[in-house]
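Right, one structure below, let's go through it.
Treat the numbers as computed from the prediction; the structure is a model and nothing was measured. Only heavy atoms go into these numbers, but all of them, side chains included; no hydrogens, no water, no symmetry mates. In this chain, residues are counted from 1 in sequence order.
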Amino acid sequence: MKLVKGSLRVEGDPKTKLMVYGGALAMVLGILGLGYLLLSLFQSGPVEVGTVTVVSAGKEVTPLQNEIYVTQDGVVTEKRRLVPGEIGDSAPTVEVDHIVVRFEGRSQNGPFYFTIYDEDGLTYSEKKAEFRTPTEPGTYLVCEETYWGVEKNNIGVEYYFWIVVGEEDLASG
């Protein structure tokens with residue numbers, strides 16, 4: 001093997017060239033990977049809360065948002081959860097027509113959960129990772145729970161919106 005002075009060219013058989021260039025590439029990728037890991041481990045500053053929008057019948061609404069906890073450097077600070085009876089008109093009402101809940105932002109904490117409450121504030125459907133329209137007519141409060149951030153630094157947020165399910169919605173369903 002011969003390294004030509006002032007050049008990155010290596011002379012020798014193909015196996016030697018492959019080993020030299022492959023080793024150099026592996027070192028560069030290793031250094032970049034280590035840098036990425038260090039940056040992600042030492043993430044500083046507040047967690048960025050993403051956005052949640054509900055789309056139905058061609059209309060897009062922003063649900064009522066309530067922060068339920070904050071984890072900063074592994075230390076959890078609990079905040080107050082809302083109860084269905086205190087939501088009232090604060091949360092928007094969405095038409096029951098192919099409801100899609102859209103999430104935009106960074107979250108490494110697994111799935112999102114939906115809890116659906118009936119008109120009396122009783123749990124109709126508990127902690128499901130997929131939104132499903134109720135099968136009985138009535139007015140329902142949907143609580144979608146999301147965790148923004150990474151394991152060490154994250155924020156838990158509840159998002160609320162109302163749906164009104166009528167007989168015609170069930171018949172066309």
Side-chain angles (χ1 to χ4, degrees), residues 25-136 138-165:
L25 180 63
M27 285 179 54
V28 168
L29 290 175
I31 290 169
L32 289 174
L34 184 60
Y36 175 78
L37 285 174
L38 287 174
L39 285 174
S40 65
L41 284 176
F42 298 113
Q43 185 182 42
S44 62
V47 175
E48 181 182 320
V49 175
T51 59
V52 173
T53 51
V54 180
V55 182
S56 181
K59 295 177 186 167
E60 190 173 292
V61 297
T62 303
L64 172 67
Q65 177 178 326
N66 179 51
E67 200 171 282
I68 53 177
Y69 73 83
V70 175
T71 304
Q72 192 70 33
D73 296 325
V75 178
V76 178
T77 303
E78 293 287 335
K79 298 196 174 184
R80 189 174 159 315
R81 289 181 178 264
L82 297 178
V83 294
E86 64 187 346
I87 303 296
D89 293 336
S90 304
T93 301
V94 176
E95 246 183 83
V96 179
D97 181 27
H98 304 289
I99 295 173
V100 175
V101 181
R102 222 183 281 155
F103 305 93
E104 294 178 26
R106 183 173 173 198
S107 177
Q108 295 180 354
N109 292 310
F112 308 112
Y113 295 104
F114 292 94
T115 304
I116 300 175
Y117 300 95
D118 66 12
E119 293 174 85
D120 299 324
L122 301 173
T123 304
Y124 175 82
S125 172
E126 195 169 330
K127 292 247 182 189
K128 303 238 181 206
E130 182 181 321
F131 176 76
R132 293 201 177 119
T133 304
T135 56
E136 299 171 20
T139 302
Y140 297 90
L141 178 65
V142 179
C143 173
E144 189 280 322
E145 211 170 297
T146 304
Y147 310 99
W148 301 105
V150 294
E151 187 176 337
K152 229 176 150 180
N153 296 309
N154 60 68
I155 296 173
V157 182
E158 298 171 319
Y159 295 90
Y160 290 95
F161 61 95
W162 292 97
I163 56 174
V164 178
V165 180

### Task
State which residues pass side-chain hydrogen bond (donor to acceptor under 3.5 Å, both in side chains) with Glu67; sequence neighbours excluded, sorted by chain then number.
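Glu67 satisfies side-chain hydrogen bond (donor to acceptor under 3.5 Å, both in side chains) with Lys79 only.
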Can you measure from [atom1] ([X]) to [atom2] ([Y]) and round to the nearest 0.5 angstrom?
X	Y	atom1	atom2	result
Ile68	Cys143	CD1	SG	7.5 Å
Asp120	Leu141	CG	CG	12.5 Å
Glu158	Arg80	CD	CZ	10.0 Å

### The single option from Asn154, Ile155, Thr77 passing side-chain contact (heavy atoms from CB on, under 4.5 Å) against Thr71
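Between Thr71 and the candidates, side-chain contact (heavy atoms from CB on, under 4.5 Å) is satisfied uniquely by Asn154.
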### Task
Dump the intermediate steps for side chain to side chain contact (heavy atoms under 4.5 Å, CB included) on Glu144 and Val54, then the final yes or no.
CA-CA 11 Å; Glu144 189 280 322; Val54 180; over 6 Å; no
### Message
Under the criterion side chain to side chain contact (heavy atoms under 4.5 Å, CB included), I'd like the reasoning laid out for Asp73 against Asn153: C-alpha separation, chi angles, the key distance, then a yes or no.
### Response
CA-CA 6 Å; Asp73 296 325; Asn153 296 309; 3.5 Å; yes
Closest non-hydrogen atom pair between [X] and [Y], with its separation:
X	Y	result
Glu95	Ala57	OE1-CB, 3.7 Å
Phe161	Ile163	CE1-CG2, 3.9 Å
Glu86	Arg81	OE2-O, 4.0 Å

Does a side-chain heavy-atom distance below 4.5 Å link [X] with [Y]?
X	Y	result
Leu82	Leu64	yes
Glu78	Val76	yes
Tyr160	Pro63	no
Glu136	Asp118	no

### Query
Are any side-chain N or O atoms of Tyr140 and backbone N or O atoms of Tyr124, one a donor and one an acceptor, separated by less than 3.5 Å?
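Answer holds: no.
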### Query
Can you check whether Trp162's main-chain N or O pairs, donor with acceptor, with Thr93's side chain at less than 3.5 Å?
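Looks like no, no N/O pair under 3.5 Å.
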### Query
Side chains of Tyr159 and Thr53: do they bring a donor and an acceptor to under 3.5 Å?
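The answer is no; no qualifying pair exists.
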### Query
For Tyr117, which residues count as a ring pair (Phe, Tyr, Trp, His ring centres under 6.0 Å) partner, sequence neighbours excluded?
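Counting only residues at least two positions away or on another chain, Tyr117 forms no ring pair (Phe, Tyr, Trp, His ring centres under 6.0 Å).
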